[in-house]
Every structure is written in structure tokens, then in C-alpha cells.
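Take a look at the following structure, please.
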Amino acid sequence: MAKVLVAYASLTGNTEEIAELIAEGIRQAGGEAVLKSVTDCNADEINNYDAVLLGAYTWGDGELPDEFLDFYEEMDELNLAGYKAAAFGSGDTGYSIYCGAVDLIEEKLKERGAEVVQESLKIEYGPNAAEKDSCRNFGRQFLETCAAVS
């Protein structure tokens, strides 16, 4: 059974809800999902898992939220070669850069050597009923893809 860290930053609860639904999907697929706020863990903890999903809301004009910055900078010390990963998050299409934080996280994962195994999940604000299923499917698909590429 794959053990997956699902770490996120959430301000209003939208990204936290997305993370919870993704973790639910991982568990439905037979994996073990450990859900943590980035304020309650550090990037080095990724080494304790088989795979990692990182998520954040987007702040301002496509920026990472402040509470994700320490975790993001700590990632510079990691060699994530061989780790399966993906990114997710929430944003607002009213801004010129939609879910820019998700793109930054995905770029950092690739820069550190992680294998990003599926396209990022981006949700405007919080997930509606259909998007809740998409979040669960994202988690299930992530686990299945990790098993397929191992």
C-alpha cells in the first residue's frame, strides 16, 4: 500500500476541502493518505512517504500564499528524484494568472527531480458537487498512476 503525503495551505478552507477529498480518493483506491497543513510539517517529511501531493491557494497575482513559503524554500534542500508527485489548488479566474501557485509548486517539484505523474488539479474557489467527484478521482488516479509507473 502506497503511503502518500497530501500537504496543503488553505486560508478559507477551499484548498483544505480539496485536499480532504483527494485523500478520500486515495483511501478509496487502497492507499494510505496522510493529510497535513504545511504549517504543521516541513518539506523534509516528504522523505517519509512513497509519493507526495502538494496544494495551495493562489494569492494576489499568481503568487504562493505566505504560509507555503517556508515549505517551498525547504524543498530546495531536497532531492526528490524517484518521487511521484502532483499539485493541486484553488484560485480565482478573475485574476490574470489563474492558480499560479499550483504552477509554481509543480515547477518546484520538477526542479527538485520529482516525477509529476499527472496534470495539476485546479478548482475555482471551493469544489462544487461535480468538482468534489473530480477531486476524489484525482486522488484515485494519482494512486493508480503511481502504481503503474513504479
Side-chain angles (χ1 to χ4, degrees), residues 1-41 43 45-46 49-69 71-72 74-75 78 80 82-150:
M1 172 173 37
K3 188 174 176 183
V4 180
L5 173 64
V6 182
Y8 64 92
S10 186
L11 180 66
T12 62
N14 290 335
T15 305
E16 181 177 14
E17 182 178 11
I18 295 167
E20 289 170 350
L21 291 163
I22 290 170
E24 187 179 316
I26 291 168
R27 292 180 188 120
Q28 288 172 347
E32 179 182 349
V34 176
L35 197 61
K36 291 189 174 189
S37 167
V38 292
T39 58
D40 296 330
C41 64
E45 291 184 39
I46 293 172
Y49 297 87
D50 300 312
V52 62
L53 288 165
L54 299 178
Y57 64 94
T58 296
W59 184 253
D61 292 322
E63 300 157 17
L64 288 166
D66 285 348
E67 57 268 51
F68 203 93
L69 294 177
F71 191 95
Y72 187 81
E74 290 168 3
M75 289 176 67
L78 300 177
L80 297 178
Y83 277 89
K84 310 298 186 268
F88 65 92
S90 59
D92 181 344
T93 56
Y95 288 89
S96 60
I97 300 174
Y98 175 62
C99 286
V102 176
D103 297 334
L104 291 171
I105 292 168
E106 185 175 308
E107 289 170 19
K108 179 64 80 177
L109 286 165
K110 290 177 180 175
E111 174 191 306
R112 304 311 312 152
E115 182 180 357
V116 176
V117 297
Q118 71 187 51
E119 187 174 326
S120 297
L121 176 67
K122 298 177 178 179
I123 302 286
E124 182 163 19
Y125 307 123
N128 61 30
E131 290 167 334
K132 287 180 181 180
D133 285 339
S134 295
C135 294
R136 290 184 196 97
N137 287 336
F138 185 83
R140 281 192 294 269
Q141 181 184 8
F142 180 75
L143 194 67
E144 291 166 5
T145 303
C146 287
V149 296
S150 294

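By convention here, the first residue in the shown sequence is residue 1.
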Q: Taking D50 for its side chain and V4 for its backbone only, find out whether a donor-acceptor pair lies under 3.5 Å.
A: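 No, the answer is negative, given that no donor and acceptor are paired below the 3.5 Å cut-off.
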
Q. If we ignore angles and hydrogens, is there a donor and acceptor under 3.5 Å between the side chains of E67 and T39?
A. no

Q. Can you find a heavy atom in the side chain of D66 that is under 4.5 Å from one in the side chain of L69?
A.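 A side-chain contact under 4.5 Å exists here.
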
Q | Counterpart residues, side chain to side chain contact (heavy atoms under 4.5 Å, CB included), relative to K110 (two or more places apart) | A | E106, V116

Q.
Between T58 and A101 (side chain of the first, backbone of the second, donor and acceptor by atom type, cut-off under 3.5 Å), is there such a pair?
A.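 Yes; at least one donor-acceptor contact below 3.5 Å.
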
Q: Give a yes or no on whether the backbone of D133 and the side-chain of N137 come within a donor-acceptor separation of less than 3.5 Å.
A: yes

Q) Side chains of L53 and F138: does their closest heavy-atom pair fall under 4.5 Å? A) yes

Q) Quick check: are there more than 12 heavy atoms from other residues, nucleotides or ligands sitting under 6.0 Å from CD of E119? A)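 No - once you tally the heavy atoms of other residues, nucleotides and ligands closer than 6.0 Å, there are 12 at most.
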
(Q) Looking only at side-chain N and O atoms, does Y125 offer a donor or acceptor that is under 3.5 Å from a partner on D92? (A) yes

Q: Taking all non-hydrogen atoms of both residues into account, name the closest pair between V117 and K84 and its distance.
A: CG1-CD, 3.7 Å

Q: State which residues pass ring-ring contact (aromatic ring centres under 6.0 Å, His included) with F68; sequence neighbours excluded, sorted by chain then number.
A: F71

Q.
List the residues meeting side chain to side chain donor-acceptor pair (under 3.5 Å) with D103, not counting sequence neighbours, and say none if there are none.
A. K122

Q: Looking only at non-hydrogen atoms, find the nearest pair between L80 and M75 and report the distance.
A: CD1-CE, 4.3 Å

